[in-house]
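The structure appears below as structure tokens.
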Number of protein chains: 2
Amino acid sequence: MIETNILAVASRRSEDDIVSRIDDSLIALRRIMLATELYGKELASAAGLTAAQFRALQIVGEKGWETPKVIAARMGVSQATITALVDKLVKAGQVSRERSERDRRQTNVTLTGLGRQTLDDAPDALQQKYVSEFEALADWEQAQIIATLERVATMLDAENIDASPVLTTGDIKHH
Amino acid sequence: MIETNILAVASRRSEDDIVSRIDDSLIALRRIMLATELYGKELASAAGLTAAQFRALQIVGEKGWETPKVIAARMGVSQATITALVDKLVKAGQVSRERSERDRRQTNVTLTGLGRQTLDDAPDALQQKYVSEFEALADWEQAQIIATLERVATMLDAENIDASPVLTTGDIKHH
DNA sequence: CATAATGCTTAGATAAGCGAAACATTCGAA
DNA sequence: TTCGAATGTTTCGCTTATCTAAGCATTATG
């Protein structure tokens, strides 16, 4: 019985190892998500918007306009939700609605001057810490981080949803 | 003028590089967050709960009980929000409220048998893909991923919020 | 041309979240 | 010891986010 116990302990140990490693990686992922979520809230409220409104505004800001359907897909919510969100953004003067000329079923949610200004002003809070620390890293470290993040993202992706940067990097260009 | 242009192009190129690298890393981060958010929703609805309710349940499940104050801190929301959330979980039979003996201002939110069962059953959907792929990696790769994730988490952490795994790893033990 | 498909909005509902105030309990002086 | 401050939770009133189902244009298709 002694030998069997030793074996049992040995095999048990390696399973504990993998469990704790998965735990470690999930804890780190959780920290990343929590930090980003809190940053997002902070950023949004600094701009006088809610987090969801700000996310939508950022998506619109990428090209200057976007359709509700695409915004909904990008945010992983229904179109009806976007209608309400855009209502708020229109009321706040951040975007406007314009009927598409090509296909008049479509609505283009278009960034206003104020919306552009909001986006230009706001990102600093969010990115400052990450961007500046990331910039300070050596080339190979940056490359390695990107590779690892992409790898993790791929491991997590069930379907491949196109996720453009919600955290825009516009601010760094002004340095 | 030709030389100056060459120099200008050279210096410009390196700045574009860093911008695009930050973009790459933020895109990957965004993919990670989106995937995790969607997983979370899926997982919760499989358990017949909402994402927020499930997150709270997971926190309670770690020790078997927890106070509203701690749950609120861990989830980054106000205590008032937790009161409502716990109401729902109590109504669903997943947890119960019990006055603390030590300090009767405190309430212990305690996992019920049903709650334990929900947690034991549910995680599979969420973790399967990530866990199985992660397990398949070589030792050094796992270690490297953890190191990188922790590094990124630290770069993002403004304050150091304690984030235990919201994605529990219980299921892997049943293999 | 009629009908299906598409894109968006409306309507009605529930959940999540907040701040302020109310309550009960414990702690800390004076 | 007793009274006021601090603590932990809940209640209240309100806003936002979200969903599904249904409705309304508009475009595409057989």
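Proteins get letters first, then strands, A, B, ... in listed order; numbering begins at 1 in each. The figures that follow rest on heavy atoms only: side chains count, while hydrogens, waters and symmetry mates do not.
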Rounded to whole angstroms, how far apart are [atom1] on [X] and [atom2] on [N]?
{"X": "B:Trp65", "N": "D:dT9", "atom1": "CH2", "atom2": "P", "result": "11 Å"}
{"X": "B:Lys41", "N": "D:dA17", "atom1": "NZ", "atom2": "P", "result": "13 Å"}
{"X": "B:Glu98", "N": "D:dT9", "atom1": "CD", "atom2": "C1'", "result": "16 Å"}
{"X": "A:Leu49", "N": "C:dG17", "atom1": "CG", "atom2": "P", "result": "19 Å"}

### Query
Does a nitrogen or oxygen in the side chain of B:Thr50 sit under 4.0 Å from OP1 or OP2 of C:dA16?
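Checking C:dA16 against B:Thr50, a side-chain N or O does come within under 4.0 Å of OP1 or OP2.
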### Query
Can you check whether B:Gln106 has a side-chain N or O nearer than 4.0 Å to OP1 or OP2 of C:dT26?
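For C:dT26, neither OP1 nor OP2 has a side-chain N or O of B:Gln106 closer than 4.0 Å.
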### Query
Going by heavy atoms closer than 4.0 Å, what residues in residues 79-96 of chain A are next to DNA chain C?
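Only A:Gln79, A:Ala80, A:Thr83 qualify.
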Could you verify whether a donor N or O on one side chain and an acceptor N or O on the other, from [X] and [Y], lie under 3.5 Å apart?
{"X": "B:Gln144", "Y": "A:Thr148", "value": "yes"}
{"X": "B:Gln106", "Y": "B:Thr67", "value": "no"}
{"X": "A:Gln79", "Y": "A:Thr83", "value": "no"}

Check the hydrophobic clustering (I, L, V, M, F, W, Y; side-chain heavy atoms under 4.5 Å; chains of links allowed) and say if [X] and [Y] are grouped together.
{"X": "A:Leu119", "Y": "A:Val90", "value": "yes"}
{"X": "A:Ile145", "Y": "B:Leu137", "value": "yes"}
{"X": "A:Ile59", "Y": "A:Val77", "value": "yes"}
{"X": "B:Met75", "Y": "B:Val95", "value": "yes"}

### Message
Measuring only between side-chain heavy atoms, which start at C-beta, is A:Phe134 closer than 4.5 Å to B:Arg21?
### Response
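A:Phe134 vs B:Arg21: side chains touch.
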### Task
Sequence neighbours left out, what pairs pass salt bridge (Lys or Arg N to Asp or Glu O under 4.0 Å) with at least one residue falling in residues 79-92 of chain B?
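Passing the test, one end in residues 79-92 of chain B: B:Asp87-B:Arg97.
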### Nucleotide nearest A:Lys69 when distance is taken to its side chain, options D:dT10, C:dC8, D:dT18
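The answer is C:dC8.
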### Query
NA contact type, A:Thr67, heavy-atom cut-off 4.0 Å: base, sugar-phosphate, or nothing?
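Sugar-phosphate contact only.
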### Task
Going 5' to 3' through nucleotides 24-30 of chain D, assign each nucleotide B (protein heavy atom under 4.0 Å from a base atom), S (under 4.0 Å only from sugar-phosphate atoms) or - (no protein heavy atom that close).
--BS---
